[in-house]
Amino acid sequence: MRLFEKNSTSRLVFHPGPAPSAPTVEEILAGLREQPRRIHPKFFYDTRGSQLFDRITALPEYYPTRTEKEILHRYRHMIAAHTGGARLLIEPGAGSSEKIGLLIDALRPSAYVAIDIAGEHLRAAGERLTQRFPDLECHALVGDHCGALQLPRNLPQAERLIFYPGSSIGNFEPRAAAAFLQQWRRLAGPGGGLLIGVDRPKDSAVLNAAYNDAEGVTAAFNKNMLTHVNRLADGDFAEDAFDHVAFYNEPRQRIEMHLQSRFDHTVRVGGETFRLRAGERIHTENSYKYSSQAFAMLAAGAGFRHRRTWSDSQGLFDVHYLEADPFAPGARTLH
Ligand code: AVI
């Protein structure tokens, strides 16, 4: 369904999409019943959580965002030379328009499709983009890019380029990341590609600092999840009953974030009582780090051919360009 038709003043087409399915109380309860207990990282992102995440991306310790922007800015023309121009550019989980803005001039896409669950955020970002690039045909599609994606009809028939920056692929368990990449290989279709930002393993001091910033923004982001869960599932978590714990698990090449109970206490959520011991943890996030080789292998398993990597001079972060392998099993285009 289209809300706004294209007109002479705006090249933005807004597609409200189906109503997002409400996160279920049962899902939260199931995670809390597990040992070790866990809450899915998607529950970080209420309005305050999204604002805190935006602040994280500007912290001196949190290198991924600024490093990726530097890479995109420095290599944008080389990236365009590899991907080719006039593509249908698709950005799942688009959020803000900042990073794509760095690329549009160089890539000159035939149209741009931004996909995000947060409709108002998406519309505002689309409007900013169409003001900056008045000739750009821009589609804002409200939807959960982690679920099954249905692209709007009547998009230009051009080879597709999916853009997934921010190293969010690292927040999926490796098996889920592979399944996700497979779905995108089909979305990219024949001749299509994926440009993706991936954080690398590195000195644990750098990683530990990035997730334990001095100002305590990451701690506030982690604890805010409890307040969000209280609202969704009628809970009585107290943020100050928990400590933020984040560390690099080197053998598993991932940052782990937890909330650690400061003392023995009970919590009521969704009508159920949970007894937490002093020191007991609720696991809230993993952030996997992939070397270029490890990521190329993951992508190959999902039916992508690794074509090129651009990195920063300190070797902190990679932007990979992958092409959909037309001969990979199950390769067909998703519409
Ligand atoms: C969204 N994602 C890539 C961030 C990361 O680094 O894994 C989420 C985050 N968690 C704590 N700080 C940032």
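One-based numbering, in listed order, for ligands and for the atoms of each.
Met257 places none of its side-chain heavy atoms less than 4.5 Å from the side chain of His283.
Trp184 and Phe180 have tilted rings, their planes meeting at an angle from 30° to 60° on a 0 to 90° scale. Note: Tyr290 and Phe295 have perpendicular aromatic rings, judged against thresholds of 30 and 60 degrees for the angle between ring planes. Relative ring orientation between Phe247 and His258 is described as parallel, the plane-to-plane angle staying below 30° on a 0-90° scale split at 30° and 60°.
Evaluated for a salt bridge (charged side-chain N to carboxylate O under 4.0 Å, His left out) with Glu323, the options Arg307, Arg305, Arg87 yield exactly one hit, Arg307. Checking Glu256, Arg38, Glu173 one by one against Asn286, the side chain to side chain donor-acceptor pair (under 3.5 Å) holds for a single residue, Glu173.
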Within the protein, flag every N or O under 3.5 Å from an N or O of ligand 1, and note the pair and distance.
residue, atom, partner, partner atom, Å
ligand 1, 2 (N), Asn171, OD1, 2.8
ligand 1, 6 (O), Tyr62, OH, 2.5
ligand 1, 6 (O), Tyr211, OH, 2.5
ligand 1, 7 (O), Asn171, ND2, 2.9
ligand 1, 7 (O), Ser287, OG, 2.7
ligand 1, 10 (N), Glu285, OE1, 2.7

